[in-house]
Amino acid sequence: FKKITMPVADSSLIDDIEDIVNKNSSPGEIREENKRLVVPKSRRIKQTREETVQADSIIPGTQKVWLKTWGCSHNNSDSEYMAGQLASYGYKITDDSESADLWLLNSCTVKNPAEDHFRNEIKKAREKQKKIVVAGCVPQGQPRTDYLQGLSVIGVQQIDRVTEVVEETLKGHSVRLYGQKKLEGKKVGGAALSLPKIRKNPLIEIIAINTGCLNQCTYCKTKHARGELGSYPPDEIVARAKQSFEEGVVEIWLTSEDLGAYGHDIGVTLPQLLWKLVEVIPEGARMRLGMTNPPYILEHLEEMAKILRHPRVYSFLHVPVQSASDSVLMDMKREYCQADFRHVTDFLKERVPGVTIATDVICGFPTETEDDFEETMQLVEEYKFPSLFINQFFPRPGTPAAKMPRIPAQLVKQRTKKISELFHSYRPYDHKMSEIQQVLVTETSHDQQYYVGHNKFYDQVLVPKNENLMGKMVTVRIVETGKHFLKGQLLSDKGIVQPDVPLPLKKGQVSGASGLVQIENNSNHNIFMAVSLFAVLIAIVWRFYSLFLGTT
């Protein structure tokens, strides 16, 4: 936990922020020094001018914090936890960046554009003279980056100490807090899942079941930041899910860098965890699974198919292929071949009718030839993935792929355009026209014209913007299809079902801590505030009394 008195390039020069007292003085010297300041009685001194009382202290927990997040659902979960802890302490989480005293920026290192936006936001904050705390994968993976020098940093496994970092930053200190959480010498998932949080959407709970991964992909920077695999125990994850449903959540998302790798470090399998979670999902609520790489899902295909068929689990899985060329996959160190990906996809499509398989491709990896690219094109043409994330290769500093000779940028753009045109050439939802579907409504569309729900296969379904529908399971007839959505017409009010959960928390309300803990935290904070204000009042009274004596 470090304090920087000025920006430095060498982290070895950083002092300990806990050394508030002069570290070269002994306790006795400090007491003797302080004795000089003790005055036995007041002295009457005539003042020729008014004295002004100056204070250089702040009352912690009274400032406004603006939080911005880039990247995956894991990052969003981290931000929700940081917001919850700050709010529990008394800080106001605001949507108004201009009025905020401090900007908390949670970064993503997967793509260059995301990091560029992060860097630009830091520049803007500096120009506005805002206090800044940065978090996420960029400062964790690249701590010596020039534009981060002099800023306060909180590591990805240290988000449970965000309040301390924010408090010290507001005092004018620069703090860098890194480190891995370990239990008996082994890495664990990270900050406790039971921490307070403020959900971005009160109806959706994001649960990170593990952090880090088992792979060594040559293009990926996330491993540098998140590290080796660290899984949360099943009981902690189930407890978090149960608490979320008790707070009115109707949908939980499981997230991590690689869902399929869950439990390899603690002797538990992903299906074992999922079956425990299924038991606590209330009627009318649903669970969405996150991203899993092919090598680990191959171990549990039969069980995964059964879970994805369960009525309270979305029949949806995100399985990145990245390339359909075995030689490119080998250079990427993806630890599977095209046949493995096809086996996973074909097996799930056969055993889970209608299942949605989302995938990713990278265009322009350094060793990708024209033939390699055509193999990827053929795979997309054959499977017609309804959800396809197309990424251009960007060399991430410190990764093996960054040292490889790059393909000309113009050629990379041409390939990206070509596969994008292929993706937009087919319409994956037209065959669902006129279907009757049950849809769980949880969000509002970007244009604010509709509410958004998801059917069993996690297809996006637009429904009328009727407040009575939010958080409910509704029955609709599909009356329109688009490239990325379906549009549903409500059949009748009888088709509206309230999931078996209480009303959700209000937007911005802190969740994830027991009422007793929140009351204790608030009480401690109130006591601190009262004592601080009382001390200030005494100081003011004493000053006026001294001035009065001096003028008589």
Report, as yes or no, whether the 6.0 Å neighbourhood of atom CZ on F393 holds more than 12 heavy atoms from other residues, nucleotides or ligands. yes

Enclosure of Q448 CD (heavy-atom neighbours >12, cutoff 6.0 Å): yes

Heavy-atom neighbours of H446 NE2 exceed 12 at 6.0 Å: no

Strictly below 4.0 Å, N to O, side chains only: are R342 and E382 in salt-bridge contact? yes

Does S315 use its side chain to pair, donor to acceptor, with the backbone of V355 at less than 3.5 Å? no

Using atom types as modelled and distance alone, determine if a side-chain donor or acceptor of E257 lies under 3.5 Å from a backbone N or O of L214. no

Below 3.5 Å, can you tabulate the donor-acceptor pairs from side chains in residues 280-295 to any protein atom, sequence neighbours excluded?
from, atom 1, to, atom 2, distance (Å)
E283, OE1, R312, NH1, 3.4
R288, NH1, Y458, OH, 3.2
T292, OG1, G260, N, 3.2
N293, OD1, R334, NH1, 3.4
N293, OD1, R334, NH2, 2.6
N293, ND2, D258, OD2, 3.0

Taking the six-membered ring for Trp, are F316 and H454 closer than 6.0 Å centroid to centroid? no

Mind running side chain to side chain donor-acceptor pair (under 3.5 Å) on S325 and D372 for me, showing each step along the way? CA-CA 5 Å; S325 163; D372 294 328; 2.7 Å; yes

For a quick check under 3.5 Å, do N391 and Y219 share a side-chain donor-acceptor pair by atom type? no

State whether the number of non-hydrogen atoms from other residues, nucleotides or ligands found under 6.0 Å of K417 atom NZ is greater than 12. no

Considering residues at least two apart in sequence or located in another chain, which fulfil the side-chain contact (heavy atoms from CB on, under 4.5 Å) criterion with T416? C363, I390, Q392, V412, S420

Would you say D447's side chain and Q449's backbone share a donor-acceptor pair under 3.5 angstrom? yes

So, D340 side chain and L298 main chain: donor-acceptor pair closer than 3.5 Å or not? no

Would you call K432 and E435 a salt bridge, taking side-chain N to carboxylate O under 4.0 Å as the test? no

Would you say the side-chain atoms of K456 pair up with the backbone N or O of Q437, donor to acceptor, closer than 3.5 Å? no

Begin with the C-alpha distance, continue with both residues' side-chain angles, and end with the deciding distance and a verdict on side chain to side chain donor-acceptor pair (under 3.5 Å) for S231 and D265. CA-CA 7 Å; S231 302; D265 55 326; 2.6 Å; yes

Ignoring hydrogens, what is the shortest heavy-atom contact between V250 and P499? Give both atom names and the distance. CG1-CG, 3.9 Å

Output all residues satisfying side-chain contact (heavy atoms from CB on, under 4.5 Å) with L491, sequence neighbours left out; order by chain, then residue number. I436, T475, R477

Is the shortest heavy-atom distance from the side chain of S256 to the side chain of T211 under 4.5 Å? no

Under 3.5 Å donor-acceptor, Y336 side chain and V321 backbone: yes

Electrostatic pair K306-E303, nearest N-O below 4.0 angstrom: yes

Does anything in residues 200-210 pair up under salt bridge (charged side-chain N to carboxylate O under 4.0 Å, His left out), and if so which pairs, sequence neighbours excluded? K197-E205, R199-E205, E205-R240

Less than 4.0 Å between a side-chain N and a carboxylate O, is that true for D101 and K130? no

Do H318 and F389 have their ring centres less than 6.0 Å from each other? yes

Is a donor on one side and an acceptor on the other found under 3.5 Å between the side chain of E368 and the backbone of G364? yes

Charged tip of K483 within 45° of F423 ring normal and under 6.0 Å: yes

SB check R119 D116 (cutoff 4.0 Å): yes

Suppose the criterion is side chain to side chain donor-acceptor pair (under 3.5 Å): which pairs have a residue in residues 499-509, not counting sequence neighbours? none

When you measure from the side chain of S511 to the backbone N and O of I198, does any donor-acceptor pair fall under 3.5 Å? no

Would a 4.5 Å heavy-atom cut-off, applied to side chains only, mark H117 and W70 as touching? yes

Would you please name every residue forming a side-chain hydrogen bond (donor to acceptor under 3.5 Å, both in side chains) with S73, sequence neighbours left out? T255

Expected output: side-chain Y426 to main-chain F385 donor-acceptor under 3.5 Å: yes

